[in-house]
Structure formats: structure tokens, C-alpha cells
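Bear in mind that the values here come from a model prediction, so they are computed numbers and not experimental data.
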Amino acid sequence: MAEVKEFTLPDLGEGLTEAEVVRWLVEVGEVVAVDQPVVEVETAKAMVEVPCPYGGVVTARYGAEGEELAVGAPLLTVAVGADASAPAAAEGSGSGGADGVVAEADGADAAGDGGAGETSGAVLVGYGTGAPPARRRRVRPTPVPAAAAGQVNGVASGYGRHAVTPEVPVRAEAAEPAPGPVPVISPLVRRLARQNGVELRTLTGSGPDGLILRADVERAIGAAGAPAAEPSAAAASAPAADAGEVRIPLRGLRGVVADKMSRSRREIPEATCWVDVDATELLAARRAMNAAGGPDAPKISLLALLARICTAALARYPELNARVDTEAREIVRLERVHVGFAAQTDRGLVVPVVRDAHARSAESLSEELGRLTGAARDGSLTPGELTGSTFTLNNYGVFGVDGSTPIINHPEAAMLGVGRIVPKPWVYEGELAVRQVTQLSLTFDHRVCDGGVAGGFLRYVADCVEQPAMLLRGV
């Protein structure tokens, strides 16, 4: 007999609690192998292909493309074992398979003879190569009307691209709440019920295995004659006069960026200073470096040279390689320099991090910056490559602008912005000449230092841009 196992959304690391389903890679009824990617999800930090730790036939998928799922919520169920290859396993017979209801073996059974090769060798934070969670969920029938029984491809009610939400009435009798855990996964559903005074234990869930969905709570609210207090319902209740509005949810990466920028503005008393610099000599030095390497050698980027200058400046002014511990009321200076750089992608603004930038040469910095930039563009950056920066470099000159006042990447203490490099009239060696000029702007946390330190840092960076040979003093 095939055994139906449930695979839940694993913890993808870095404290993430939810992910958005971007694209399903398998269909219901399809045979999957151990560690085969089954779904592509987007977290607040990266795109991730999630591998399934079981091999067998997919019997149900949970979550439509574009839907957010919480960590621990069901992703799919797989029938494993001797009969797993039979198409009938996807439909189920008396075991609730057609309704997406699953029965899980306890840890002892899974560790034993539950089928060769059904455990995963891939490791995500939320699960590993050992036995699945030691728990058993008993199958129980879900009171779904006959009209809702015709599901498409065995996708569970309330989930999936073709999901159907049946009309399940609220229990009419004021039954005493049943003991045990409430079958609710989504924290949004709990909050909606709490805000409207709905007792979840009195509801009959229309989801798999009696799972209470948001639609169930909304029906209970409507039956009681109370307006839904869920903030996200505001868009649906907008007046007809605003029909031309386009509302974009602040969620996923965009939501995290918005929260982080708001927190930065709210917590950090920032100040900005700037200076125009002659970058002609820096461009000439870069050309000389690339020419000396030969036509087949990796090219050194301008951003790599600027990053190298910043690490040298932070060695002189370590006050800016720091963060503020607000609870302890302490300034924490950091020995290692991890340089983040702002990168614009189709998913929005991300800040990949070059680890231990202070210990890298210009060539090493250029190589790592190129690798991270490519990963940012194709969405393959890992959460670890997007966190932990101690100082950020922002080259907004690529957008054709001269200046900006950067928002500090919380909880860092400073960010250096670089404008476009353009030919301008400049007094050079006492004569008017056309030089390659750019503007540097430094936004800094005024709690970690005063203007003298910030000005000294910026002036040193400007001097190195104008005279790159200054860096030789530190070699």
C-alpha cells in the first residue's frame, strides 16, 4: 500500500516566516524523485527552488501561484511506497486523498521500511536528511457539499490554481468548543477572527482535514452581521469612484524594503555631506590595470576600485564601520568589513554583500562583485548573500543622476553614494580644463560620530579618487 506523506514549506533561513508561490514545477499525478525541485517560491530576500524530500506520486498541491504561505503550511502531498506509481494514488479511495487530506506516519515508521530512497539528501533549514516529523494526523471526513466534490486534478479545496471554496455554514448550535489545537495555519486568519470576535473552535473548516480558511471566518462574520476588520479588505470595499486605482501590495521583497527604510528613517538621526571630485586619474588607473592584465585577464570594475577605497577609508575611520545597539545604548564597532552594494533588479532593490572586503584585492573585489551582480539579476542570491553588511556603497550614477541623499541600510552607520561621471570644466593645476567629475555623498548616523569624522572619511575617499596612488601608502 502507498503511504501519503505531507511536505510542508520549510524554514528557508534568516528568520523568514512566509514565502510566495511563484511557479509550480510539478503537476498533480506526476511522479517526482527524491530531492527534485517541486516549486519555486519567493521570500523577502531571494528566489528559492524547494526540493521535495520524498519520492512518489504528487497527490495534491497547496497554494496557488501568487499566494503567500506561512512556514510550516502544507506545500504538497506525495504517495510513496510500492503503489506510488499508480495513477489512482492521486485520487484516493476512502482515505481523503481527493480532498487533499493526508495521513502521516510517525517518526519510527518513516525511519524504518517506508520505501527505499524516500528520504532527502538535500538540507534546508526547516528539514534535513533524517526522518520526517514524528506526528500523526488522523484522517477525518470533511463536510463538503456534493457540489464542491468535483475538484480539478485533486487539488485541495481552498488551495491551488483551480481551488473551489464550498459554502460551509457555521455551526448553528452554540456547541462547547472542542479541546485540542484549532486547525488554523494562517496567522492572518487568526487575526481576522480575533478582530471580529469569532470563536474559531465553533467553525467547521472547509480546507483539507477540516482546516479553517479565511473564507470560513468571513462567512461567520457575515452571518453575525459584523463588518470584516481585516485591513486588506479595504481595497475590495473602495468606492466606485476609485475604480481607476491600482493597488500594489507591500509584501515580499518590496514589503521588506519598505519596512527597513521606514525603520532607518525612524530610528537613525542621519546627516549627509557631499563633495565634487575629479575622477580622471581613477579612470586612467583602471585602464592601466586592465591593460596590464592582458586581453584575456578579468577586468577590474570601477565599483571594485571604489569599494577598495572605502575599505581603506574605514580602516582610518572605524567609527563608521559600526552599528548602534539601542537596547544596551552602546555603539558596536566591527572589526570585519562586509561591503553591501545596491543593485536594481526586476524584483526590486537588493543589497548583495561582499564578505571580508577589507581582506580582498581590487581584482578579488571585482570578481565577487560581478558574481553577486549576476546572481542578483537572475534571482539566485541566497538569503546569506543578502544579509550582514556593515557598510553600503550605492552607485546611483548608473541611472544618470548626479547626486542623492541615501537612506542608511539599517542597522549600518553609513552609506556612500556615487553619482555619474561626466566631463565638466574643472580647475586642474591652475588652469581650466575638461575633467571627468563625479559627486560623492556620505549619509551617516550622527550617533556614532560627529561631522569631523564623517568629513574626514569623505575627504579621504575623495583624495583617493583624485589621486589613486595614495592607496599605495597602505600597501
Side-chain angles (χ1 to χ4, degrees), residues 14-15 45 256-275 277 303-343 349-360 365 368-369 372 383-396 403-419 439-465 474:
E14 300 294 337
K45 297 176 180 177
V256 170
V257 170
D259 292 342
K260 197 165 189 179
M261 288 184 175
S262 298
R263 183 178 181 184
S264 178
R265 285 293 196 194
R266 184 172 61 250
E267 293 186 5
I268 300 177
E270 59 187 28
T272 302
C273 52
W274 58 90
V275 63
V277 297
L303 189 63
L305 293 178
L306 292 170
R308 182 66 186 87
I309 291 172
C310 286
T311 59
L314 289 172
R316 284 181 168 238
Y317 299 93
E319 296 92 335
L320 293 174
N321 194 53
R323 59 181 173 82
V324 175
D325 187 337
T326 54
E327 294 184 1
R329 293 185 60 84
E330 294 175 342
I331 297 174
V332 182
R333 291 188 184 175
L334 308 169
E335 294 183 357
R336 301 165 66 186
V337 178
H338 305 313
V339 173
F341 64 98
L349 181 68
V350 296
V351 183
V353 182
V354 178
R355 304 283 172 183
D356 296 316
H358 62 289
R360 294 177 179 266
L365 285 169
E368 183 67 359
L369 287 167
L372 291 171
E385 292 172 329
L386 289 166
T387 55
S389 57
T390 64
F391 182 90
T392 296
L393 182 59
N394 186 0
N395 180 20
Y396 44 76
S404 176
T405 54
I407 297 177
I408 294 176
N409 186 22
H410 186 279
E412 298 169 17
M415 177 187 290
L416 180 72
V418 183
Q439 184 183 92
L440 305 176
S441 56
L442 177 72
T443 298
F444 64 98
D445 187 339
H446 224 313
R447 296 173 298 179
V448 304
C449 68
D450 296 325
V453 171
F457 175 93
L458 185 59
R459 188 65 256 170
Y460 179 80
V461 171
D463 290 344
C464 288
V465 169

Looking at [X] and [Y], what are the two nearest heavy atoms and their distance?
| X | Y | answer |
| --- | --- | --- |
| G340 | S389 | N-CB, 3.8 Å |
| A454 | L442 | O-CD2, 3.5 Å |
| A271 | H446 | CB-CD2, 3.8 Å |
| S404 | Y396 | N-OH, 3.3 Å |
| A462 | V277 | CB-CG1, 3.2 Å |
| C464 | I309 | CB-CG2, 3.7 Å |

Give a yes or no answer on whether the side chain of [X] reaches the backbone of [Y] with a donor-acceptor pair at less than 3.5 Å.
| X | Y | value |
| --- | --- | --- |
| D325 | A328 | yes |
| D445 | R447 | yes |
| R360 | R355 | yes |
| K260 | N409 | no |

Could you state the interatomic distance from [atom1] ([X]) to [atom2] ([Y]), rounded to the nearest 0.5 Å?
| X | Y | atom1 | atom2 | result |
| --- | --- | --- | --- | --- |
| R333 | L314 | CZ | CG | 12.0 Å |
| D259 | S264 | CG | OG | 12.5 Å |
| R459 | L440 | CZ | CG | 9.0 Å |
| I408 | T272 | CD1 | OG1 | 7.5 Å |
| T443 | M415 | OG1 | CE | 7.5 Å |
| R263 | I407 | CZ | CD1 | 15.0 Å |

Quick check: do [X] and [Y] have side-chain heavy atoms less than 4.5 Å from each other?
| X | Y | answer |
| --- | --- | --- |
| V354 | F341 | yes |
| V465 | L305 | no |
| D356 | H338 | yes |

Is atom CZ of R266 surrounded by more than 12 heavy atoms (other residues, nucleotides or ligands) closer than 6.0 Å? yes
Close aromatic pair by centroid cut-off 6.0 Å: F391 and F457: yes
Let's go through C310 and L416 carefully: what are the C-alpha distance in whole Å and the side-chain angles of both, what is the deciding distance for side-chain contact (heavy atoms from CB on, under 4.5 Å) to 0.1 Å, and is it a yes or a no? CA-CA 8 Å; C310 286; L416 180 72; 3.5 Å; yes
With a 3.5 Å cut-off and no angle check, do the side chains of E412 and T392 form a donor-acceptor pair? yes
Set out, in order, the CA-CA distance, both residues' side-chain angles and the distance that settles side-chain contact (heavy atoms from CB on, under 4.5 Å) for V353 and T390, then state yes or no. CA-CA 9 Å; V353 182; T390 64; over 6 Å; no
